[in-house]
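This report refers to the structure that appears directly beneath it.
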Amino acid sequence: MPLALLALAVGAFGIGTTEFVMMGLLPNVADDLHISIPTAGHLVSAYALGVVIGAPLLAAVTSRLARRTVLIGLMVLFVVGNALSALAPGYDALLAARFLSGLPHGAFFGVGAVVATGLVAPERKARSVSLMFMGLTVANIAGVPVATLMGQHLGWRATFLGVSVIGVAAIASLFLLIPHDHTHAPAGGLRGELAALRSLPVWLALGTTVAGFGALFSAYSYITPMLTDAAGYADASVTLLLALFGVGATIGNLVGGRLADHSLRGTLFGGLLALAVVLGVFPLFMHAEWSAAVAVALLGTAAFVTGSPLQLMVMEKASAAPSLASSANQAAFNLANAGGAWIGGLALAAGLGATSPALAGAALAVLGLAVAGVAYTVDRRRSAPATARERLVATHVPEQPQNVRG
């Protein structure tokens, strides 16, 4: 694997850290800015909104630029957003800075996935995407806990300054390691990319992402009350268990990338089925501390097995618009975050118990399997006429011209 993938992973590490660290810093930010914790929670929503808007918008606006230039520019915007977060004089300014920080998130992963697959042989495409995503999963193991401790001891502003430094390191890595070749702009430009998104298979692939990762976030959004109220863990132990989730996610991401290079759709179906099973038995695992810890690791593994297959499938279904489609898939991930959390919250509000969000997630995973099944059927029907034409051409022997002597 080329060293250029390391540069993409460094950028993903910084993005993953700034995305998830705010959850641990909400009490510190609320106390410092004299606001309530629910109000501070809007800072998480502002970032997610930035991702959803910025992913397709920035990918479209930069469609005629070289992808290496786009990646560096997106990381510059990331550094600016986090630096402004550290220097924000009040809540409104911080809210705007968090929105700005989220804008490059989806486009970076989207364009980065296209660059990653262009740097390797075709049989290693999924693995290249998984290595870039590894920066995101490792951020949950090391980046978020360290950044949270930094914010608790040095102030939350120091955390965002630290994330800005990671962004500067990513810019340097991208500049030095990403080659100028293989990162050219698509020939069709914005019009060609938008036209390619009209395909039904592309939207079915995006729908699979929303349902599949909505299943994860339905449970993960409420993992703390499940671990404390159902499994009996103390609040102080939750951070360590979330790091265990990151370990499972990293393993699942790497395994999913390797398996997807052998069978993309098989890995996707297997991952969604595993996720449905893990979420379905999640309440049973919450009856003891040791089994709850196992369940958290399995949740991360099962969910992230599908990460690189979903990303690669969207890119393949929109081969004429890989950057825009890949970035749109990142917006779908964040819609899954918001939608999954909402559905899990409905289960809790209905009084179904502390572990009910996991069962709601299992239902979403089954829905993801159904959407993936529909996508498979559509692909089979579309490929059948083409296969028939190929057989007809292969069996047709054109008449040989005869030499005529005068």
Side-chain angles (χ1 to χ4, degrees), residues 19-20 22-24 26 37-38 40-49 51-52 137 140 144 206-233 235 238-239 241-242 244-246 248-249 252 271-287 291-307 310 330-372:
E19 178 182 18
F20 293 107
M22 180 56 75
M23 287 78 158
L26 287 182
I37 288 183
H42 295 161
L43 297 169
V44 177
S45 303
Y47 184 92
L49 182 63
V51 177
V52 172
T137 58
N140 284 282
V144 173
L206 293 173
T208 305
T209 296
V210 173
F213 271 81
L216 166 65
F217 287 110
S218 176
Y220 188 70
S221 300
Y222 305 97
I223 193 69
T224 297
M226 278 194 274
L227 291 172
T228 55
D229 297 346
Y233 275 101
D235 292 339
V238 172
T239 301
L241 290 166
L242 295 184
L244 189 61
F245 171 86
L272 288 171
L273 179 60
L275 182 59
V277 171
V278 169
L279 288 170
V281 300
F282 213 76
L284 300 178
F285 278 71
M286 290 296 111
H287 290 304
S291 58
V294 171
V296 169
L298 290 176
L299 178 62
T301 302
F304 278 86
V305 161
T306 64
L310 283 169
Q330 294 301 312
F333 276 120
N334 278 267
L335 286 175
N337 190 338
W342 177 68
I343 291 174
L346 289 179
L348 280 177
L352 300 179
T355 59
S356 60
L359 297 178
L364 285 173
V366 172
L367 176 62
L369 272 171
V371 177

Specify the closest pair of heavy atoms between Ala347 and Pro357, including all atoms of both residues, with the distance to one decimal.
CB-N, 4.2 Å

Do the side chains of Asn337 and Tyr220 get nearer than 4.5 Å, heavy atoms only?
no

Let me confirm one number: the CG-CG distance from Leu49 to Asn334, rounded to the nearest 0.5 Å.
10.0 Å

Which atom names give the shortest non-hydrogen contact between Gly307 and Phe333, and what distance separates them?
O-CZ, 4.4 Å

If only atom types and distance count, is the side chain of Thr306 paired as donor or acceptor with the main-chain N or O of Ala303 below 3.5 Å?
yes

Compare all side-chain heavy atoms of Phe285 with those of Val294 and state whether any distance is below 4.5 angstrom.
yes

Note: Ala295 and Val278 closest approach over all heavy atoms is O-CG1, 4.4 Å

Got a second to check how far Thr355's OG1 is from His287's NE2, nearest 0.5 Å?
7.0 Å

Distance check, rounded to the nearest 0.5 Å: Phe282 atom CZ versus Leu359 atom CG?
10.5 Å

Gap separating the CG atom of Leu298 from the CG atom of Leu279, nearest 0.5 angstrom
10.5 Å

CG of Leu369 to CG of Leu273, rounded to nearest 0.5 Å, is 6.0 Å

So which atom in Gly207 and which in Val371 form the shortest heavy-atom distance, rounded to 0.1 Å?
C-CG1, 4.1 Å

Calculate, to the nearest 0.5 Å, the distance between atoms CG and CG belonging to Leu299 and Leu275 respectively.
6.5 Å

Would you name the heavy atoms of Leu364 and Ser218 that are closest together and state the gap between them?
CD1-CB, 4.2 Å

Heavy-atom side-chain contact between Phe245 and Ile223 under 4.5 Å:
no

Less than 4.5 Å apart, any side-chain heavy atom of Leu227 and any of Met286?
yes

Examine distances only and state if a side-chain atom of Tyr222 and a backbone atom of Ala341 form a donor-acceptor pair shorter than 3.5 Å.
yes

At their closest point, which heavy atom of Ala354 faces which heavy atom of Pro225, and how far apart are they?
CB-O, 4.5 Å

